[in-house]
Structures are given as structure tokens and as C-alpha cells.
Amino acid sequence: MLEGIYIALDELFGPLLRSLHPMWVVTISGAILGAFFVFLNYVFVDQEKMKRLQKMAKEIQEEFKKAQELGDEKKLRKVQQKQIELLKLQNELMKDAFFKPMLISWPIIIVFWGWLRRWYMEVAIVKYPFNFFLFDIFHKMYHSALKPDELGYFGWYFLTSYVVGSILRKILDMA
């Protein structure tokens, strides 16, 4: 089944893959998919509720610190009860924030990474003039034989989509 999808993706994007440097292909892919996943979260997660819960958590934390400083056991128990209630609300929101977008995004990610792997397995997408410690993390994740100053498709995709996602979250004022 996946082979048929990979063949269709080869037909659709093959000319692009053959004409562009691998760094650009993975950068564009990471940017597009990173943006797509941020928009999924933006659509499926109640942003206002998320902000309210974050504000509430900050207030409860401040109350807890004050009660600790004063040594007020009664106040500490009240604040701890508030923390338990907040945790229940946060868990409910996280289920929605995690489950719905993941149902859509994981199949896409699995297919996409498998397809990119066919084209760029053990291909140095970027090369730094020095050994970068972060590259080692990605090399160990998929037992890469790339040199310590090189980064493959998975690492470059991850970094690209992370940067794009962070910028979009800031622009969209997402919690």
C-alpha cells in the first residue's frame, strides 16, 4: 500500500526532487508541513481556553509561593486543591489538543518521512564547517553513518519545521 503512495509522490514531485538541491527540497517540505501542523493545532485547540488556563496556572503558582513563604498550611491546602482542579482542566484540553491533530498528522508524517527516506537516506543535506553537537542527536536517532558535521534529511526537516512552527505560533499568538 505504501509503495503505491510512494510511487504517486515520485510521479508528482519527482521533477522537483531531481531539479532542486536536497537542502531546498527538505527545507520547503519542512516549512510546508510545519505550517500545516501549526494550523491544525490552531483549528482544533481552543486558544482562548488555553490562554485562560495558562494565566490561571501562573496565578495559582504565585499563590502557592506566597503561602509557602508565609508557612500558611490552610492556604497551601486550598491552593493544592486549585492545582488539582486546574490539572483536570488542562488534561481535558490536552486530550483535544493532542488527539485530534495527531489523527490527521501522524499518517502524513509517517508516509512523508518514509518517502523522503527513499530519496535521501544517508545523504548529507547540510554541512557545517564544524562538528555541531545537535547533529549527533539526529545521527544516533536513526543510526546514521553521516559525518559529525553533516545533517541528513530527518534532522534538517525537524529543525526547519520547528523554526517555521515557532514563528507561526508567535504570529498567531498561540499558547
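Heavy-atom basis, side chains included; hydrogens, waters and symmetry copies ignored.
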With clusters defined by side-chain heavy atoms of hydrophobic residues (ILVMFWY) lying less than 4.5 Å apart, directly or transitively, does [Y] cluster with [X]?
{"X": "Ile32", "Y": "Tyr162", "value": "no"}
{"X": "Trp106", "Y": "Val43", "value": "no"}
{"X": "Leu16", "Y": "Leu33", "value": "yes"}

When you compare the side chain of [Y] with that of [X], does any pair of heavy atoms fall below 4.5 Å?
{"X": "Trp119", "Y": "Val25", "answer": "no"}
{"X": "Glu3", "Y": "Arg118", "answer": "yes"}
{"X": "Phe39", "Y": "Leu172", "answer": "yes"}
{"X": "Val164", "Y": "Val38", "answer": "no"}
{"X": "Leu20", "Y": "Ile28", "answer": "yes"}
{"X": "Tyr6", "Y": "Val111", "answer": "yes"}

From [atom1] ([X]) to [atom2] ([Y]), nearest 0.5 Å:
{"X": "Leu17", "Y": "Ser29", "atom1": "CG", "atom2": "OG", "value": "7.5 Å"}
{"X": "Ile5", "Y": "Leu12", "atom1": "CD1", "atom2": "CG", "value": "13.0 Å"}
{"X": "Phe13", "Y": "Leu116", "atom1": "CZ", "atom2": "CG", "value": "10.5 Å"}

Shortest non-hydrogen contact between [X] and [Y], atoms and distance:
{"X": "Ser161", "Y": "Gly34", "value": "CB-CA, 3.9 Å"}
{"X": "Asp10", "Y": "Pro15", "value": "O-CD, 4.3 Å"}
{"X": "His21", "Y": "Met23", "value": "ND1-N, 2.9 Å"}

Exercise. Check the angle between the aromatic planes of Phe112 and Tyr157 and answer parallel, tilted or perpendicular using the 30° and 60° thresholds.
Key: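 Tilted, since the angle between the ring planes falls between 30° and 60°.
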Exercise. Test Ile104 against Phe37 for side chain to side chain contact (heavy atoms under 4.5 Å, CB included), laying out the working first.
Key: CA-CA 9 Å; Ile104 297 169; Phe37 299 138; over 6 Å; no
Quiz prompt | Chi angles and distances behind the side chain to side chain contact (heavy atoms under 4.5 Å, CB included) call for Trp115, Ile7 | solution = CA-CA 9 Å; Trp115 176 68; Ile7 290 169; over 6 Å; no
